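To start, the structure itself, in C-alpha cells.
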Amino acid sequence: MDKRMKLSDFLTGSVNLELAKLLIAFAEGCKVISHLVNNAGVSDIFGAHAPDFTNVHGEEVQKLDHLTNKILHDYLAAAESCAGYISEETEDVTYINDTGNYVVAMDPLDGSSNIDIAAPVGTIFSVNERLSPIGKIQLSDFLQKGANAKAAGYVTYGSSTVLVLSTGKGVNGFTLSTGDNDFYISHPNIVIPEKGKIYSINQGNISKFGDDVRGFIDYCTAVDNNDSRPYRLRYIGAMAADMHRTLLKGGIFMYPANKGEAKGKLRLLYECIPMAFIVEQAGGEAIDGKMRILEIQPSDFHERCAIFTGSKNLVQKVAEFTKG
Ligand code: P6P
C-alpha cells in the first residue's frame, strides 16, 4: 500500500472545499485522458476528429482533442463549483453552473500532434475565482491577470503521468499510480534550480527570430567553461513536457514572437499564464520579453503571448537581450 499522500487528501487539507472539489474532479478527468493517451494505438482515436474539421484557430482538430475537451467538460460539470470554462477547443465561454464560484481556462490536450508518435502530450489549466455576482458568468471573470489565479497546473502524459499543481502556496507534483489509478505526491515542494544549463526553443525558426533572440541563442551556444556553456538544447514540442523538464532540471523554455510580430504562437490564458504561475511559485521567472507574464492584462480569450520562462539566471539573462 503506498504510504504517500493522495492528491485528494492533499487538496482537502490545503484549499477550501469548493476549489478542492473542482481540482479533484479535473484530476479525475485527467486520469481518463491518461488512459486514452496510453491506449491511442489500439483504439480508433488516432487522426483527425473529422475531415477538414478545424478549431477556432483554423487548426485541424485531432479526435483526442475533441474527446478530451468533452471529458473535462463532464468532470467540471459534476464538480458543481465550476461556473464555466474557456478552452483551446471552443471559441466562446462554456457555461456550466451559474452558482459556481470558479472559472477555468484550459488546453485539454496540448501538443496532440505528438500522439501519433507516442511522444509526450499534456493538459494545461488555470482556475480563477469569479469577480461577478452569482449568476451567469461575465467575460471579465476570465480576463483576469495571471497574478489573480487561485490555482494553476499541468499534467504531462509521458513515461509516467504527472500532475503538477500550485494553489499559491508552492508547487507539488503527483504521479498517477498504474496500480490503483490514483494520484500520489511524488514531487513535494518543487523548487526550480536557480542556475539553468538547458535552453529549449524551436531552433528551426531561427531565421524568423529577431536579433535579440538570436543573440541569446549565440550566448547559450558559445563556449565558456566557467559557465558550463555551450548549454544543452532540449525541445520535445509539447509545452507541458518541456516545462516539466525545465521545472525539475532548470533551464529556460522560450517561444518568442517572430521578427516583426507582436506575439508568439502560444496562448496567454491557458498556456502561458498557467506555466508562469507554476514557475514563479517554484522560484523562477516568466516574461513575454518585456514584462512579467502574470501582470499582463488579458483582452481576448485566445490571445497569444511570447514566453521566456524558467531558472532565474537565464530569464534575467535573456531579458538583457530582449529588453534592449
Ligand atoms: P512548434 C504544441 O502544438 C504547442 O502548442 C506547445 O505544446 C509547444 O510548446 C508548441 O506548440 C510547439 O510549437 O511550432 O515548435 O511545433
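Both counts, for ligands and for their atoms, begin at 1 and track the order of listing. This one's a predicted model, so the numbers in the text were calculated from it and none came from an experiment.
- A pairwise comparison of heavy atoms in Ile293 and Asp288 identifies CG1-N, 3.7 Å as the closest pair.
- Here the side chain of Arg229 pairs a donor or acceptor atom with the backbone of Tyr219 at under 3.5 angstrom.
- Taking a cutoff of 4.0 Å between a charged side-chain nitrogen and a carboxylate oxygen, Arg214 and Asp218 do not qualify as a salt bridge.
- Across every non-hydrogen atom of Leu165 and Leu11, the tightest pair is CD2-CD2, 3.7 Å.
- Under 4.0 Å is where a charged nitrogen must lie from a carboxylate oxygen, and between Lys197 and Asp227 no such pair does.
- Under the 4.5 Å side-chain contact rule for hydrophobic residues, Tyr154 and Ile252 do not share a cluster.
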Measure from every N or O atom of ligand 1 to the protein's N or O atoms and keep only the pairs below 3.5 Å, writing each with atom names and distance to 0.1 Å.
{"residue": "ligand 1", "atom": "3 (O)", "partner": "Lys265", "partner atom": "NZ", "Å": "3.4"}
{"residue": "ligand 1", "atom": "5 (O)", "partner": "Asp110", "partner atom": "OD1", "Å": "3.3"}
{"residue": "ligand 1", "atom": "5 (O)", "partner": "Glu271", "partner atom": "OE2", "Å": "3.4"}
{"residue": "ligand 1", "atom": "7 (O)", "partner": "Asp110", "partner atom": "OD1", "Å": "3.2"}
{"residue": "ligand 1", "atom": "7 (O)", "partner": "Asp110", "partner atom": "OD2", "Å": "2.4"}
{"residue": "ligand 1", "atom": "7 (O)", "partner": "Met239", "partner atom": "N", "Å": "2.8"}
{"residue": "ligand 1", "atom": "9 (O)", "partner": "Met239", "partner atom": "N", "Å": "3.4"}
{"residue": "ligand 1", "atom": "11 (O)", "partner": "Lys265", "partner atom": "NZ", "Å": "3.0"}
{"residue": "ligand 1", "atom": "13 (O)", "partner": "Lys265", "partner atom": "NZ", "Å": "2.9"}
{"residue": "ligand 1", "atom": "14 (O)", "partner": "Tyr255", "partner atom": "OH", "Å": "2.6"}
{"residue": "ligand 1", "atom": "15 (O)", "partner": "Asn202", "partner atom": "ND2", "Å": "2.9"}
{"residue": "ligand 1", "atom": "15 (O)", "partner": "Tyr235", "partner atom": "OH", "Å": "2.6"}

